[in-house]
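Below is one structure, written out as C-alpha cells; comments come after it.
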There are 2 protein chains.
Amino acid sequence: MQIGELSRLSGASVRSLRYYEQQGLLGSERRSNGYRDFPDNAVATVQTIRSLLDLGLPTALVKDVLPCTVGERSESACPQLLERIAELRDDVRTKADRLATISDSLSEYLRTNG
Amino acid sequence: MQIGELSRLSGASVRSLRYYEQQGLLGSERRSNGYRDFPDNAVATVQTIRSLLDLGLPTALVKDVLPCTVGERSESACPQLLERIAELRDDVRTKADRLATISDSLSEYLRTNG
DNA sequence: CTTGACCCTGACACTGATGTCACACTTTAA
DNA sequence: TTAAAGTGTGACATCAGTGTCAGGGTCAAG
C-alpha cells in the first residue's frame with residue numbers, strides 16, 4: 001500500500017512514517033515511480049512502533065525490540081536488550097513511586113493549607 | 001552565596017542554575033557588582049528542582065509545585081496542580097506496567113528462541 | 001600591575017520525534 | 001488537457017534542558 005493509506009490505517013503521520021523508514025524501523029519496497037510500497041502487515045508494525053515510542057523507548061531501541069515482537073530471529077544481542085528494557089522499566093517504576101509520594105504530599109498540603 | 005558555590009553544593013551546573021533563575025524557579029538578589037547572591041536554602045531548593053525535573057515534570061510545573069514543598073502559600077491554583085501531578089503519576093504508572101509486560105515477553109522470547 | 005579565578009550576558013549546538021514549507025514529479029478524475 | 005490529490009526529497013522549526021564559546025567586567029593574591 002501507499003504511504004497515505006498506511007498513514008490513515010495506522011494513525012501515524014506521513015512524516016512519521018518516512019522517519020521510521022529512514023531510521024530502519026520500517027521496511028518498504030519502491031515502485032517504478034519512486035513511491036514507497038508497504039506490505040499489509042506494516043499497519044501492525046507501525047502500531048507497535050508507536051506504542052513503544054510512547055513508552056519512552058528511543059528509536060534505536062525500538063529498532064532492536066521490533067524483530068522480537070514479530071517472532072523473527074534477531075541478530076542483535078538480545079540479552080543486553082532485555083537488560084536495557086528491564087532498566088527502563090525499573091526507572092519508570094521508581095519514577096511512578098516518587099510521583100505517587102509527591103502526589104500524596106501535595107494532596108496533604110492542600111488539605112491542610114489549601 | 002555566589003553561583004559557583006551553589007553549583008558545588010547542589011551538584012547543578014552553573015549553566016543550569018542560571019537557567020532555573022531565568023525560568024523563575026530560583027530567586028536571587030544581585031550584588032552591586034551584578035553577581036547573583038543566593039540564600040543558603042537555595043541548595044535545598046535546587047535539589048528539589050533537580051529531582052522534580054528528573055521525574056519528568058516540565059519547568060513550568062516545577063515552578064508551581066515548588067512553593068508547596070517549601071510550605072509557602074501558593075497563589076497558583078493548587079487543586080488543578082494536584083490533578084496534573086496525579087495524571088502524570090498515572091501515566092508513568094501505566095508505562096511502568098506496560099514496560100514490565102514487554103520485559104516479560106522479551107524474556108520469554110529469549111528463553112525459547114534465544 | 002598582572003595573573004588567574006570568578007562572574008556577567010548573549011548566542012549557538014545538541015538531542016528526538018514531529019510539523020511544516022518549498023519545489024518537483026506522478027497519477028487520477030473531470 | 002488541466003486541475004487536484006498524492007508522493008518524493010530537502011531543509012528548517014519546535015520543545016527543554018544543558019553544554020559551550022565569545023567577549024567583557026570584578027576581585028583577590030602575588
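What's counted below: heavy atoms across the whole structure, side chains too, no hydrogens, waters or symmetry copies. Since we're looking at a predicted model, the values are computed, not measured.
Proximity of B:Tyr19 to the phosphate of D:dT18: no side-chain N or O atom is located under 4.0 Å from OP1 or OP2. For D:dT18, one of the phosphate oxygens OP1 or OP2 lies less than 4.0 angstrom from a side-chain nitrogen or oxygen of B:Ser16.
The C1' atoms of five pairs define one axis at each end of the helix from C:dC1-D:dG30 to C:dA30-D:dT1, and these two axes lie 30° apart (to 10°).
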## Note on the structure
Counting primed atoms, P, OP1 and OP2 as sugar-phosphate and everything else as base, the B/S/- map of nucleotides 7-14 of chain D against protein heavy atoms under 4.0 Å is SSB-B---
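For the atom pair CG (B:Leu66) and CG (B:Leu26), the distance works out to 8.5 Å, reported to the nearest 0.5 Å.
Taking atom CD of A:Gln23 as the reference point, atom C1' of C:dT18 lies 12 Å away to the nearest angstrom. Between the C1' atom of D:dA16 and the CG atom of B:Asp54 lies a distance of 14 Å, rounded to the nearest Å. The CG-P distance, from A:Leu9 to D:dG6, rounds to 14 Å in whole Å. Atom-to-atom, CG of A:Leu53 to P of C:dG16 comes out at 12 Å; the value is rounded to the nearest Å. The CD-P distance, from A:Gln22 to C:dT18, rounds to 12 Å in whole Å. When rounded to the nearest whole Å, the span between CZ of A:Arg31 and P of C:dT27 equals 10 Å. Protein atom CG of A:Leu17 is 9 Å distant from nucleotide atom P of C:dT18, rounded to whole Å.
A search for side chain to side chain donor-acceptor pair (under 3.5 Å) contacts involving B:Arg50 returns B:Tyr20, not counting sequence neighbours. Not counting sequence neighbours, the partners of A:Ser16 by the side chain to side chain donor-acceptor pair (under 3.5 Å) test are A:Ser13. With sequence neighbours excluded, the residues forming a salt bridge (charged side-chain N to carboxylate O under 4.0 Å, His left out) with A:Asp37 are A:Arg31, listed by chain and number. Annotation: side chain to side chain donor-acceptor pair (under 3.5 Å) contacts of A:Arg98 (sequence neighbours excluded): none. Legend: residues meeting side-chain contact (heavy atoms from CB on, under 4.5 Å) with A:Ser28, ordered by chain and number and at least two apart, are A:Glu21, A:Arg30, A:Arg36, A:Phe38. For B:Pro39, the side-chain contact (heavy atoms from CB on, under 4.5 Å) test picks out B:Asn41, B:Ala42, with sequence neighbours left out. Under the rule for a side-chain contact (heavy atoms from CB on, under 4.5 Å), the partners of B:Gln47 that lie at least two apart in sequence or sit in another chain are B:Val43. For B:Ser7, the side-chain contact (heavy atoms from CB on, under 4.5 Å) partners are B:Val14, B:Leu17, not counting sequence neighbours.
Interface residues of residues 91-103 of chain A facing DNA chain D, ordered by number: none; criterion, heavy-atom separation under 4.0 Å.
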Pairs under 3.5 angstrom only: tabulate donor-acceptor contacts from the side chains of residues 87-96 of chain B to other protein residues two or more places apart or in another chain.
from, atom 1, to, atom 2, distance (Å)
B:Arg89, NH1, A:Ser103, OG, 3.3
B:Thr94, OG1, B:Asp90, O, 2.8
B:Lys95, NZ, A:Asp54, O, 3.2

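Nearer to the 5' terminus of DNA chain D, by closest-nucleotide assignment, is the contact made by B:Ser13 (compared with the other of B:Ser13 and B:Ser32).
At a threshold of 4.5 Å between side-chain heavy atoms, the hydrophobic network of Ile, Leu, Val, Met, Phe, Trp and Tyr places B:Ile49 and B:Leu9 in one connected group.
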